[in-house]
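We name chains A, B, ... by the order of the sequence lines, and we start the count at 1 in each one. In this text, all values refer to a predicted model and were calculated from it rather than measured experimentally.
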Amino acid sequence: MIEEITNQYDPVKLEKKIHELWEKTDAYSKVRERRRGGKKFFFVDGPPYTTGHIHLGTAWNKIIKDSILRYRSMNGYDILDRAGWDMHGLPIEVKVEGVLGFTTKKDIEKYGVGNFIEKCKEFAMKQKDDMTGQFLMLGAWLDWNNPYMTLRDEYIEAAWWTLKQAQEKKLLEQGKRVVNWCPRCETAIADSEVEYEDRTDPSIFVKFRIKGEENTSVVIWTTTPWTIPSNVAVAVHPSFEYSKVKAVSSDGKEEILIMASPLVEDVLRKGRYADYEVLDTMPGQDLTSLSYESPLLDMVPEQAAMEHGIYLADFVTAENTGCVHIAPGHGMDDFEVGKKNGLPIFCPVGPDGRYTEEAGEYAGMHIREANRVIVEDLLERGRLLSEDEIAHRYGHCWRCKTPIIYLATEQWFIKIGELKDQMLSEIEKVKWYPEWAGSARFKDWVEGARDWCISRQRYWGIPIPVWKCKDCGKMHVVGTREELLEMSGTSEDIELHRPYVDGILLDCECGGKMKRVEDVFDVWFDSAVASWATLHFPQKKEEFDKWWPADFITEGQDQTRGWFYSQLGASMVAFGKAPYKSVLMHGFTLDSESKKMSKSLGNVIAPGDVIDTFGADTLRSFVLSSSAPWDDLKFVSGELGNINRALNILWNVYRFPLPYMVLDEFDPSEFSLESVKPSMRKEDRWILSRSQSLVNDVDKAMEKYTLHRAIRAINEFVLEDLSRWYIQLIRPRTWVEAEDPDKLAVYRVLYEVFVTLSKVIAPFMPHLAEEMYQNLVINVNADAPESIHMNDWPVIDESLVDKELEVHMDLIRSMVEASSNARQKVGRKLRWPVSRIIVAPNKESVTDAVANLKSVLMDQTNSKDVVLTGVGESWDELGFEAIPNPSTIGPAFKGDAGKIIASIKQVDAASLKKTLASSGEYELEIAGGTKVTVTSDMVNFQESLPEMSASAQFDAGTIYVDATLTREIESEGFAREVIRRVQDMRKELDLAVDEPIKAHIRIEDERVLDLVLDLEQYIAKEIRADVQVIGLDVDSTGTLSKDWDVAGVFISIGISAS
RNA sequence: GGGCCCGUAGCUUAGCUAGGUGGAGCGCACGGCUGAUAACCGUGAGGUCCUGAGUUCGAAUCUCAGCGGGCCCA
């Protein structure tokens, strides 16, 4: 049987109970199991990094995923949805280093790589478990028991297999490149791991002495003095003009400087020169014949042995000096210039950021310290033109915040450049939500794609499966564990992490031994292979054939350059096509000031805190409804309260009929909806139609993944249609005590609406939906599916849809609103009936609506009658007031104007209006008996309302309320005033709804007493009084007694339980 | 500096694709309802639709430029 529920919506308690129920019944597995054999829906969870705690953005992400998957599941889809975890990489290494107190790689080596990665593994697993718990609190259903984890051997094999594909397709390359390098972590890091932050660096102008020309230098500018020992060349722009300038310092010393012409004044000002003279100008091209010597050739022996020339490059800008210092070992552009011109790639800096022996005198010094020393050395040698500081954006390691440097190192690359065109054509085959996420944003990113450096010089990662022969240099890429064991002749089962795989040697054809290169993969490569790794490919090819590629993925906009891209790249390498068919890109969470949430700003919202206060369903409803998925989400805590209120109203609406149903032992299984149809009223049919329209609206929204529209439609239905309208309409019907088909119809209709509604909210507010379902369905029919989430999505029943009725009801609602407005103007509260309302429509549909729903209109306006005028007509009892128009009367009648104006106000306005309307003229008698003729332009008319009436506009016409009092109306009004106060007191005594009472009522006004006594029986019935005394001097004592002032009349009431 | 997105009442937002009198909710003020009641309803005040220019009879909506915020890049 249906049960009563708690007064208060208590989401925290409710959700705990539901979680226990789900766990006890293993609901998730049963839901997925139920859809086996249905249309397949392969979802790949973008793996969050195992940081140990979720934030609002990750919560939003999982809530979107969960809602979409629940909706799909209810629509019959067979869903594959393993949760995923990104568990390798620097962030965890850095954290573990922190715990162990390590600062350099040497500490790790000393501790033992095996010990270190065990710690990393332990750490990652622990964080994963913590986060799983947090995600579960959101009610997010993914396959949490069987997640894919990047640290598993089976997962590692998927990455290995993919790299082997790259090798076979000749897309894998090893080579020297300039990469972003973190000197603390001693590894290459990806572009996407570089975080740009403000930083202050030296800003120096340096003079490079030209060979073979007396006292002449080319001037360059740099913010990295430590790269001067690595200088190999200077670049100038082919189309800029350069000047040779004789510069004179304040002490009269002269020297000749070369720089871009437009920058001469700026540069000389920096050098505090007193005067100058331009000796010559020339195009950049002319400078290429010059050569110069390093300013530090006495410090760095290699520099003395090197040729230094000037070269042309397009990337040179007209800033600073227009001559760019080129160190091919320390810059991407520099490297390109070096390669193009066959220059040496001189890089005397080691992985730890210290100079190597090649740096001569500087060997062993850290580059950050070297900055200062080198500036000093330049000054001593007279090569420093100026020294200053600059605040600029500079790249930092996203994990340890160390400023990065650029180093030319040996790395492994995937040649994305060769795949670019295919990638672009694959993008077009993918369905993007919103469309521009693919056609604009992602396309732009891919067009600028560079080769992908996949190697890292670290420990906690997937080992790059490349073995190289120590003797002949031959290389082999291992694709699977089996291949590794077979080739090495090992039978023991080893883990595929460092240092275990490092110890395995393979035999080379040359008779030598092959050893694994030491690098591990960039973690982006890990998650890039998720769509097949999660299918246990390459171990299980059948699963892959059955599911791949993914039907759907959804992640934040930052993943455009991240996971959307890395997956596409890896998939092109492996299979030559996109790994996903549709992508929903969602936004970022911002704080109330539109600033991004970050730990350093201290504005981070923990989802757990929100859940502890408002529950997960409120959080879900909030994040889903606040903005379109792809817009950023502004988190304003006040808005949470609003959403929570909406859910509370839903709770109240659902709770409202339950006590009556319980009292009447209503059993919905005994009555079909069909069987109560004859007893349904128009409003019943209306709410059924509205509920069907709601299903349709939600379907439409979900089709385009506009989840915000779905939630808003639901909230609108609950607030407007159910709470503010339907429940108000049916209240009196639920109070009827007898067996009544009219009441039964309401019960059955409400039941139908609630069951449908619980299904419609199920994807979005899964806990509340489950709660409603358990009570409404499971308590009635134990054979029904155990969980709401096992149910099918409601199919629209066309026989219940009546669009015209919905339109009519809308009109009636706007009439009721207008009537309230008019009542307020005339000062008549709703508790007091009015004799009639007059509807003056301006379109035909109003006439139909009133005819169709007259009882609803009368009921809600509390009127005894409804008068309907013809379309476009006004109420025939309206009066008219003639308003003279002095601006036309004045010029026409001059001195008599005043008399005419007075006279117009006195004549019968109705006949004046009628005559003017027909002939355009009116004979008017003015003071003194003179007759004048006035014309239409001299008089305006204004409608005037009869006494005790008021009007208000509504959507399609005007409502007039006639609030004239009659004895009957006054009697009813006062009776209801009394009833309301007694009900209030019953409530205060906490009496049961059907508990009989004794009531003693003293009314100290004879006229009012008389009016009230007219309805004595009615009052007794309404307040359930079996003893009721009403009189002028009644002793109003009782368990509770109270005095009231009703419109100036003193009324004293005492009640007690009988 | 570049690409993409966003900018509407004090706050959160609908409307923008297909141009034609700007709608809600919260908050505020006043009123109403009363067995959903720690709930609910009505009315009112409150808008340079970020700024400027253009297209058009007409622009919140289309175009361009700028400003502010976000994501990504340099």
Starting at atom [atom1] of [X], determine the distance to atom [atom2] of [N], rounded to an integer number of angstrom.
{"X": "A/Leu650", "N": "B/A39", "atom1": "CG", "atom2": "C1'", "answer": "14 Å"}
{"X": "A/Trp832", "N": "B/G32", "atom1": "CH2", "atom2": "C1'", "answer": "15 Å"}
{"X": "A/Gln860", "N": "B/C40", "atom1": "CD", "atom2": "C1'", "answer": "13 Å"}
{"X": "A/Leu722", "N": "B/C40", "atom1": "CG", "atom2": "P", "answer": "14 Å"}
{"X": "A/Leu729", "N": "B/A36", "atom1": "CG", "atom2": "P", "answer": "14 Å"}
{"X": "A/Leu647", "N": "B/C40", "atom1": "CG", "atom2": "C1'", "answer": "17 Å"}
{"X": "A/Arg731", "N": "B/A39", "atom1": "CZ", "atom2": "P", "answer": "14 Å"}
{"X": "A/Met585", "N": "B/C72", "atom1": "CE", "atom2": "P", "answer": "11 Å"}

[X] has a side chain; which of [options] sits nearest to it?
{"X": "A/Trp445", "options": "B/C72, B/G42, B/C33", "value": "B/C72"}
{"X": "A/Ile727", "options": "B/A36, B/C71, B/G32", "value": "B/A36"}
{"X": "A/Arg709", "options": "B/G15, B/C40, B/C30", "value": "B/G15"}
{"X": "A/Arg831", "options": "B/A36, B/C72, B/U34", "value": "B/U34"}
{"X": "A/Phe588", "options": "B/A36, B/C71, B/A14", "value": "B/C71"}
{"X": "A/Asn648", "options": "B/C71, B/A39, B/U43", "value": "B/A39"}

Taking any heavy-atom pair under 4.0 Å as a contact, classify [X]: base, sugar-phosphate, or nothing.
{"X": "A/Ser820", "result": "sugar-phosphate"}
{"X": "A/Glu716", "result": "nothing"}
{"X": "A/Arg976", "result": "sugar-phosphate"}
{"X": "A/Tyr660", "result": "sugar-phosphate"}
{"X": "A/Leu991", "result": "base"}

Got a sec, which residues hit salt bridge (Lys or Arg N to Asp or Glu O under 4.0 Å) with A/Glu639, two or more places apart in sequence or on another chain? none

Identity of whatever pairs with [N] - Watson-Crick or G-U, under 3.5 angstrom:
{"N": "B/A29", "result": "B/U43"}
{"N": "B/U48", "result": "none"}
{"N": "B/G1", "result": "B/C73"}
{"N": "B/C62", "result": "B/G54"}
{"N": "B/G68", "result": "B/C6"}
{"N": "B/U12", "result": "B/A24"}

Side-chain H-bond candidate by donor/acceptor type, [X] with [Y], under 3.5 Å:
{"X": "A/Thr589", "Y": "A/Trp60", "value": "no"}
{"X": "A/Tyr406", "Y": "A/Asp334", "value": "no"}
{"X": "A/Thr227", "Y": "A/His325", "value": "yes"}
{"X": "A/Tyr565", "Y": "A/Trp524", "value": "no"}
{"X": "A/Asn715", "Y": "A/Glu720", "value": "no"}

Quote, to the nearest angstrom, the [atom1] distance that separates [N] from [M].
{"N": "B/C50", "M": "B/G68", "atom1": "P", "answer": "16 Å"}
{"N": "B/G27", "M": "B/C67", "atom1": "P", "answer": "38 Å"}
{"N": "B/U48", "M": "B/A60", "atom1": "P", "answer": "13 Å"}
{"N": "B/U51", "M": "B/U43", "atom1": "P", "answer": "30 Å"}
{"N": "B/G15", "M": "B/U8", "atom1": "P", "answer": "14 Å"}
{"N": "B/U17", "M": "B/G7", "atom1": "P", "answer": "13 Å"}
{"N": "B/G23", "M": "B/C16", "atom1": "C1'", "answer": "14 Å"}
{"N": "B/G22", "M": "B/A59", "atom1": "C1'", "answer": "12 Å"}

Residue pair A/Thr734/A/Asn821 against RNA chain B: nearer the 5' end by closest nucleotide is A/Thr734

Upstream residue (5' side of RNA chain B) when A/Glu817 and A/Lys987 are each assigned their closest nucleotide: A/Lys987

Under a 4.0 Å threshold between the charged nitrogen and the carboxylate oxygen, would [Y] count as salt-bridged to [X]?
{"X": "A/Glu817", "Y": "A/Arg813", "value": "no"}
{"X": "A/Lys829", "Y": "A/Glu977", "value": "yes"}
{"X": "A/Arg733", "Y": "A/Glu683", "value": "yes"}

Applying ring pair (Phe, Tyr, Trp, His ring centres under 6.0 Å) to A/Phe442 and not counting sequence neighbours gives A/Trp432

Just the table, please: protein N/O against nucleotides 4-11 of chain B N/O, every pair under 3.5 Å.
from: B/C4; atom 1: O2; to: A/Arg441; atom 2: NH2; distance (Å): 2.6

Any donor-acceptor N/O pair under 3.5 Å between B/A36 base and A/Ser723 side chain: yes

